[in-house]
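Each chain gets a letter, A, B and so on, in the order the sequences are listed, and its residues count up from 1. Worth knowing before you read on, the calculation uses all heavy atoms, side chains too, and leaves out hydrogens, waters and symmetry mates.
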Number of protein chains: 2
Amino acid sequence: MKKVAISLGDPNGIGLELALKSHSTVAKLCKPIYCIDQNTLNKATKQLNHPVPKDFKIFGKYNKVSINPGVVSQSAGEFSYQSFLTAINLAKEKKVDAICTLPIHKESWAKAGIDYVGHTDMLRDIFQKDAIMMLGCEKMFVALFTEHIPLKKVPKALKVQKITSFLLDFQNSLQLNEPVGVLGLNPHAGDNGVLGDEEKKIIKAIKKANKKLESNIFEGPLVPDIAFTKNSRKSYKYFVAMYHDQGLAPLKALYFDESINVSLNLPILRTSVDHGTAFDIAYKKDNKLSNTSYINAIKMAVT
Amino acid sequence: MKKVAISLGDPNGIGLELALKSHSTVAKLCKPIYCIDQNTLNKATKQLNHPVPKDFKIFGKYNKVSINPGVVSQSAGEFSYQSFLTAINLAKEKKVDAICTLPIHKESWAKAGIDYVGHTDMLRDIFQKDAIMMLGCEKMFVALFTEHIPLKKVPKALKVQKITSFLLDFQNSLQLNEPVGVLGLNPHAGDNGVLGDEEKKIIKAIKKANKKLESNIFEGPLVPDIAFTKNSRKSYKYFVAMYHDQGLAPLKALYFDESINVSLNLPILRTSVDHGTAFDIAYKKDNKLSNTSYINAIKMAVT
């Protein structure tokens, strides 16, 4: 059975509860190693009134943290950073096969002086590689060519060479044997240039990437508002979106609860839930926590 | 029973087949007046091997047109333009309560020297009003603040006064008693300015519109990739999208077959199917035509 290091995320969010309540399911899918210390674990289990499962294997050293549900704090930021770093190191040292991350809180990281925008950003820095952010579930995956940049900067970010490299990195990571739909940028994919001409660059990049791969795996540019119809999804399970909301709005409209986040093009495999810390329901009784995204992330980590 | 003028769209597309095969259903919902002449109707019914229904009321004078399935032509462009104009005039003269349009082909219009981008554009010109394009179905509607412009032009098109007027026109047309979700422009709706700041304008416009309407009907800016999740759709049935694909990609991912197009803020009510001429299947045997969008458009026309 594969080993997966699990970083617990922000201790004031839902990460710990998810990990504890889902442990029996997770333990059937992999050998989990939880990146947390006994002291913090005890505090959390007490607040949650949930016993520590017997085979709950923990690892790593951490600063002291007090648990205050739903609160942004420096110590919470430090803990979630250390938990993530511990998981990364376990993967770097090949002590685990993959890592799965629970949600951190950006503001807690900022309070702790950690200036990464998030997990993927930190992975890029540590490995000095252009990590690719892909989100989705078994039915549909979307990789994002641009992510957390203002919409007005998207059109200029589309450069033939960058898109080509992205497509090559994407396919080198996944080794797919099926067509991948690459989206256009403009309404109606530009309507032959009448509604924008960035599609010319996308076409060039698709051609270059396919030539290099000696296979016409990348198809497009697809008309963005038609790409995700039921019919179109019969032709494609994998999509490359030019910007954040182009891919994620349709994905989340269809499969929000099931979706996960995968970092591609890195020396390690990292999967993640596709939701945040949910401070509003953290540590609350009867909060009806859904663990679908978490379990799907574990499944993806062991494939 | 309300009267609805139906323009047949491009005679080389699926419009005529839809109208003929759906007539018995349509006739239960309204009194349809089909904007076509006997000669063209006979040609079409012959090609379709479908009898003309007895109570198929036609109206208007048209140039001669030959039917060539799936072919772009000047005479087809002229016919579909005349059919639409006839329907508009019937509505202007209050001889019908609403009009419902079947798909035209842009290139046929161009060949006929008609330089409108489409139906909505022509309606704007005829009535000299800022028609609002809204698409959707009973479960969800999306109104588009910008439509057929390149993505790079969208951020600059967001001006406080223009958005405010749009929101007021929207509500004056629909007289809703429920909240309307107004989308942000940037990923995470700008994340407090870190990922773009156009949301400031949207906030100002929402405040101004709500103040004028003396009701907090408009809510937002919503985070675009979360706005259309199942949960968020419990809070909103109506959305205002800042650009074409932001609203239409999620809508079509969820409800492509059912969706229709409505023109708001005009002296007449116009509804339309939300699909094209489907030249690839026009006049073909066993083409499994779906009339869901057409029937929904008729239903909307008579509400």
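Across B:E147, B:K230, B:Q246, B:H148, the residue that shares the most heavy-atom pairs under 4.5 angstrom with chain A is B:H148. Considering only heavy-atom pairs separated by less than 4.5 Å from chain A, the leading option among B:A249, B:G196, B:S232 is B:A249. Between chain B and the residues A:D245, A:D257, A:D197, A:L248, the largest count of heavy-atom pairs under 4.5 Å involves A:D245.
Distance check, rounded to the nearest 0.5 Å: CG of B:L222 to CD1 of B:I202 gives 10.0 Å. Residue A:L135 holds its CG atom at 5.0 Å from CE of A:M133, rounded to the nearest 0.5 Å.
Between B:K299 and B:E138 no salt bridge is recorded (no basic side-chain N to carboxylate O distance below 4.0 Å).
Side-chain contact check for B:V182 versus B:M242: some heavy-atom pair is nearer than 4.5 Å.
For a residue to count as touching a neighbouring chain, one of its non-hydrogen atoms must lie under 4.5 Å from one of that chain's; by this rule B:E198 touches chain A with the side chain only. Only the side chain of B:P155 comes within contact range of chain A, with at least one heavy atom under 4.5 Å from a heavy atom of that chain. For chain B, no part of A:K153 is nearby; none of its heavy atoms comes within less than 4.5 Å. With a 4.5 angstrom heavy-atom cutoff, A:L185 touches chain B via backbone and side-chain atoms both. Looking at B:K156, neither its backbone nor its side chain comes within 4.5 Å of chain A, counting heavy atoms on both sides. Heavy atoms of B:D191 lying under 4.5 Å from chain A belong exclusively to its side chain. Looking at B:Y243, only its side chain comes within 4.5 Å of chain A, counting heavy atoms on both sides.
Counting non-hydrogen atoms of neighbouring residues, nucleotides and ligands closer than 6.0 angstrom, the NZ atom of A:K162 reaches no more than 12 such neighbours. For B:E219, the CD atom counts as densely surrounded, since its 6.0 Å shell holds more than 12 non-hydrogen atoms of other residues, nucleotides or ligands.
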task = Could you check A:L102 against A:Y294 for side chain to side chain contact (heavy atoms under 4.5 Å, CB included), going step by step and ending with a plain yes or no?
result = CA-CA 8 Å; A:L102 287 160; A:Y294 177 43; 3.8 Å; yes
